[in-house]
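The structure appears right after this line, and notes come after that.
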There are 2 protein chains.
Amino acid sequence: MRPKTNYEFVRQTLRSEIIEGVIEPGARLVQTELAKRLDVSTTPVREALQDLAREGLVLLDPHRGAVVRSLSLDEVREIYELRMVLEPMLLRKAVSELDGKELDHARRLYERMETEQDVSRWAELNREFHHTLFAPADGTRLGDIVASLRDSAIPYVALSLAKPDQRADSNAEHAELLAHLRDGDLDAAERLTRDHLAATLRAIEESRSTLS
Amino acid sequence: MRPKTNYEFVRQTLRSEIIEGVIEPGARLVQTELAKRLDVSTTPVREALQDLAREGLVLLDPHRGAVVRSLSLDEVREIYELRMVLEPMLLRKAVSELDGKELDHARRLYERMETEQDVSRWAELNREFHHTLFAPADGTRLGDIVASLRDSAIPYVALSLAKPDQRADSNAEHAELLAHLRDGDLDAAERLTRDHLAATLRAIEESRSTLS
DNA sequence: GCAATCCATACTGTGCACTTTATAAAGTCT
DNA sequence: AGACTTTATAAAGTGCACAGTATGGATTGC
């Protein structure tokens, strides 16, 4: 199903292509090329790029064009530092309004993740898993900020997910998180969230230092 | 001095008009009207509106148009709750890279605020004062988030500033903050920042409940 | 070797046509 | 007759083709 405006269609398309790594960090985004490929005019493309720029996924210089933003390790660290502060807050806010249906959905996602072998499919499930838990806070400032931070970092998380045991660790933590939520133990859930993020950051740092 | 692109010009113009209250919360923003008034075509206006929408200053429904976002008390509370967490972090980050020149500038701003009687001029100085202290963190995620949160709330802070003693309190707190920074007492500065925000929020809550 | 100029590329802005939405009037059903 | 649905119309947002313009690199001349 296609969104009701073209610029929204372009935005969503580019967004997921960047997040999934189809378009790599550093790649140039030429308006006319994208317009031709997506079969729209340049105007909606331009508007989508500006939107992505404000979100931090893309770097946009006036009269010079757009490139997919590539993050330094320091920037990734900043994102995780922020998430470690904000996600526990968000969790507390969202969980109180979370009903059983959404928790069930999260549980099903978790079960699928346990058996999923394909990395990119696992990552997509992971994204949906977290989104589901935070769904009640969707329109809020905090919800938007966290979602945007998480998306910005996804291409870099991918690096650390290459190792299967990293995914296994994540799965275990997800199970634990669901258990805490079921028991209503918010403090433990908050702590786990922070630890989960810290562990992910460490994994990214390691995979980074062995590469570049 | 006019920015090098038209859409940036429109963005800055509308932004300051909204923040200063020239355009009131709830007001409709019609593309063609704005375009005629600012003597540009509708395209740059549209792009500016989308930018402001993503920033949270404006509400934009596809095919229906834009209105200046008006915040409920709950939303103002959320903004302050976030600022109370993030600004101390930002302070710590920015201050370590703050050189004497910027601190001097902040001090001069503070001195002007002490004698300034006009409310809107005082508010503008206040904005510049805080911006100066956080300037080193300008390009960072955290810096952008805090700046955007602060701007969103400005029209509502204005309510509480009507009372002169509220401004006097703020002036005193600014002096104290500068003293802490000079002494390098970051812990005290952080605490003060939080208290300052809490006090402002309380003032807003009071002025709100007596009005609506 | 350096600087000014030229040129290709791609972004920005305009005017217009198209589409959607909301309002109001006319028609239909019970 | 009243309420609901349908249809016309006006207002405003969206998208497109094309013209205008800024940027970076190549070329020319000194």
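Keep in mind it's a predicted model, so treat the numbers as computed, not measured. In the text below, chain A, chain B and the rest are named by the order of the sequence lines, each starting its count at 1.
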Give the table of side-chain donor-acceptor pairs shorter than 3.5 Å for residues 143-155 of chain B, with sequence neighbours excluded, one pair per line with atom names and distance.
| from | atom 1 | to | atom 2 | distance (Å) |
| --- | --- | --- | --- | --- |
| B:D151 | OD1 | B:R127 | NE | 3.2 |
| B:D151 | OD1 | B:R127 | NH2 | 3.4 |
| B:D151 | OD2 | B:R15 | NH2 | 2.3 |
| B:D151 | OD2 | B:R127 | NH2 | 3.3 |
| B:S152 | OG | A:R141 | NH2 | 2.8 |
| B:S152 | OG | B:S148 | O | 3.0 |

Practice task
Scan residues 28-41 of chain A against DNA chain D and write down, sorted by residue number, each residue with any heavy atom closer than 4.0 Å; if none is found, say none.
Solution key: A:V40, A:S41
Exercise for the section: For A:E33, check side chain to side chain donor-acceptor pair (under 3.5 Å) against everything at least two apart and list the hits. Expected result: none
Exercise for the section: Tell me, please, which residues at least two apart from B:Q166 pass side chain to side chain donor-acceptor pair (under 3.5 Å). Expected result: none
Fill in the blank from the handout: Footprint ends on DNA chain C, 5' to 3', for atoms under 4.0 angstrom from a heavy atom of chain A, come out as C:dA10 to C:dT21
What is the distance, to the nearest angstrom, from the [atom1] atom on [X] to the [atom2] atom on [N]?
X	N	atom1	atom2	result
A:L49	D:dG15	CG	C1'	16 Å
A:R46	D:dA17	CZ	C1'	13 Å
A:E47	D:dC16	CD	C1'	12 Å

Practice task
Tell me what A:T43 touches on the nucleic acid: a base, only sugar-phosphate, or nothing, going by heavy atoms under 4.0 Å.
Solution key: base
Who are the side chain to side chain contact (heavy atoms under 4.5 Å, CB included) partners of [X], not counting sequence neighbours?
X	answer
B:D39	none
A:T43	A:S41, A:E47, B:R46
A:T13	A:F9, A:E17, A:L38
A:S96	none

Completion exercise
Letter by letter from the 5' end, nucleotides 20-26 of chain D scores (B base, S sugar-phosphate only, - none; protein heavy atoms under 4.0 Å) --SSS--
Problem - Close aromatic pair by centroid cut-off 6.0 Å: B:H174 and B:H130 - result: yes
Handout entry: ring pair (Phe, Tyr, Trp, His ring centres under 6.0 Å) against B:Y80, all qualifying residues, sequence neighbours excluded
Key = none
Could you tabulate the donor-acceptor pairs under 3.5 Å formed by side-chain atoms of residues 106-113 of chain B, not counting sequence neighbours?
| from | atom 1 | to | atom 2 | distance (Å) |
| --- | --- | --- | --- | --- |
| B:Y110 | OH | B:E114 | OE2 | 3.1 |

